[in-house]
Amino acid sequence: MNVTMIGTGYVGLVSGVCFAELGWNVTCVDKLTSKIEALQRGEVPIYEPGLAALIESNRNTERLHFTTDMQRAVRSANVVFIAVGTPPDATGKADLQYVYAAAEGIAHALEDFTVVVTKSTVPVGTNHEVARILKRTNPNARFAVVSNPEFLREGTAIEDFMNPDRIVVGVEDEEAGTIIEKLYRPLTNRGFPLLRTDINTAEMIKYAANSFLANKIAFINEVADLCEKVGANVELVAKGMGMDERIGTRFLRPGPGFGGSCFPKDAAALAQLADSVGMDLRIVKTVIDYNLDRRARMAERVIHACGGSVAGKTIAILGLTFKANTDDMRESPSLSIIPQLLKAGAAIRAYDPEGMDNARPLLDSSVTYHTSAAEALTGTDAATIVTEWAEFKQMNWAAKKDTMRAPILVDLRNMFVPADMAALGMDYYSIGRAPALAKAHKLAKTA
Ligand code: UDX
């Protein structure tokens with residue numbers, strides 16, 4: 001079967017390459033010539049573990065092609081995926097212009113019966129609008145639309161595609177349903193479940209799932225704040241909660257607040273959808289507001305750990321991306337924390353294994369970027385972990401702390417056991433747990 005993927009961003013490129021890996025003949029289309037030429041040279045425009053190798057192995061099998069020629073790519077396809085961006089507009093509403101533009105482009109090229117699948121995250125009703133655009137643009141076209149939302153996490157996208165908890169397919173045409181089930185048979189044959197619903201329901205599953213996960217994170221973050229007030233340990237609270245199978249242990253990690261291109265956008269779009277039909281989605285709106293407020297307050301923790309002022313101090317920021325194992329800076333907490341620390345008079349030394357190129361244009365030019373966490377720490381009055389890159393855990397803190405002016409670590413990702421950090425001489429502050437001060441400092445502080 002011939003598959004055409006329109007859009008080569010995080011979703012389109014990973015999905016296209018994975019369909020090729022499953023054995024289908026895939027053509028990835030993008031309007032950016034520079035991006036397509038880079039891909040044709042074997043260069044990968046995004047950081048996603050394992051993606052470069054997967055592209056390389058499939059390019060050599062002639063199953064994976066890259067082109068800017070949408071018309072030709074659509075004409076040869078049995079299934080065309082729309083996987084373009086749906087960024088939020090100023091009101092939080094999903095901007096569907098790229099989805100609709102892709103639909104127009106597809107319509108002109110439709111010849112034989114074609115299944116047009118929207119994989120981009122789109123509000124309920126969008127797939128039916130895509131069908132109207134296709135029909136209006138090419139009244140003779142034979143097609144059916146399908147909603148097939150993705151549940152890929154950046155950093156584990158290939159694993160998530162190849163080992164899905166479920167494949168959701170919203171389809172209302174038997175022929176299209178048969179074709180899509182054939183497309184996913186290499187996965188369903190291995191036991192991964194495929195849930196068929198009507199189209200609106202499939203669109204809603206995506207938003208409801210992401211909004212619920214965002215809610216789960218906001219909940220444990222708020223509980224973490226309460227733990228700090230009453231002397232409980234949020235890590236053990238999360239563990240105790242998660243042992244209840246109805247809750248589960250995943251997505252209960254406290255942190256600086258959720259970021260990324262999905263949770264903030266999808267929660268806002270769901271609330272906006274509700275507003276458009278006269279309903280006030282209060283729980284989701286509270287999650288959104290709480291999360292924005294939390295991100296804004298993280299800098300205060302660094303200032304507090306530095307004795308109430310960072311004026312004239314140098315702070316190391318370890319991790320800039322919105323989460324580990326990605327180069328994506330979208331909605332990253334570091335974009336709130338760093339400006340506030342600069343405003344409070346601090347100088348910033350930053351390090352991120354993958355995100356610094358994307359971060360540089362988003363941050364003040366006074367921020368200095370360093371080639372390692374150890375180098376970023378040198379001469380600083382405190383360090384802050386914003387993103388949970390594994391290398392921060394592996395670093396030799398006992399040795400590196402001596403290069404700091406003050407051995408203070410504010411860990412917004414609870415990467416360490418507090419007592420261990422105090423034992424090696426750090427004043428360690430984290431989320432939802434009591435501070436752990438180095439012995440010498442504890443004596444001084446209590447003197
Ligand atoms: C998310 C969904 O998980 C995925 O199913 C959907 O397709 C796209 O959106 P992604 O945004 O890539 O994936 O990353 P995810 O791992 O979900 O993290 C989202 C945010 O929540 C990050 O800022 C992360 O740091 C934060 N998070 C996640 C927590 O703070 N605590 C957790 O326990 C998990």
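Order of appearance sets the numbers: ligands from 1, and atoms from 1 within every ligand.
No part of Arg295 comes within 4.0 Å of ligand 1, judged by heavy-atom distances. Under 4.0 Å from ligand 1, the heavy atoms of Leu152 that appear belong solely to its backbone. Under 4.0 Å from ligand 1, the heavy atoms of Leu252 that appear belong solely to its backbone.
Remark: Arg360 qualifies as a cation-pi partner of Tyr369 under the 6.0 Å distance and 45° angle criteria applied to the six-membered ring.
For atom 31 (N) of ligand 1, the nearest non-hydrogen atom of the protein is Arg253 O, 2.9 Å.
For atom 24 (C) of ligand 1, the choice among Glu331, Arg413, Lys216 with the nearest heavy atom turns out to be Arg413. Heavy-atom proximity to atom 6 (C) of ligand 1, evaluated over Glu154, Arg153, Lys206, is greatest for Lys206. Across the listed options Phe322, Phe151, Phe263, Phe263 owns the non-hydrogen atom lying nearest to atom 2 (C) of ligand 1. Looking at Ile217, Asp160, Asn325, Thr121, it is Ile217 that brings a heavy atom closest to atom 30 (O) of ligand 1.
Ligand 1 is never approached by Gly255 to a heavy-atom distance shorter than 4.0 Å. Look at Glu388 and you'll find every heavy atom at least 4.0 Å from all atoms of ligand 1.
Note: Phe416 and Trp397 have perpendicular aromatic rings, judged against thresholds of 30 and 60 degrees for the angle between ring planes.
Smallest separation of non-hydrogen atoms from Arg433 and Val234: CG-N, 4.3 Å.
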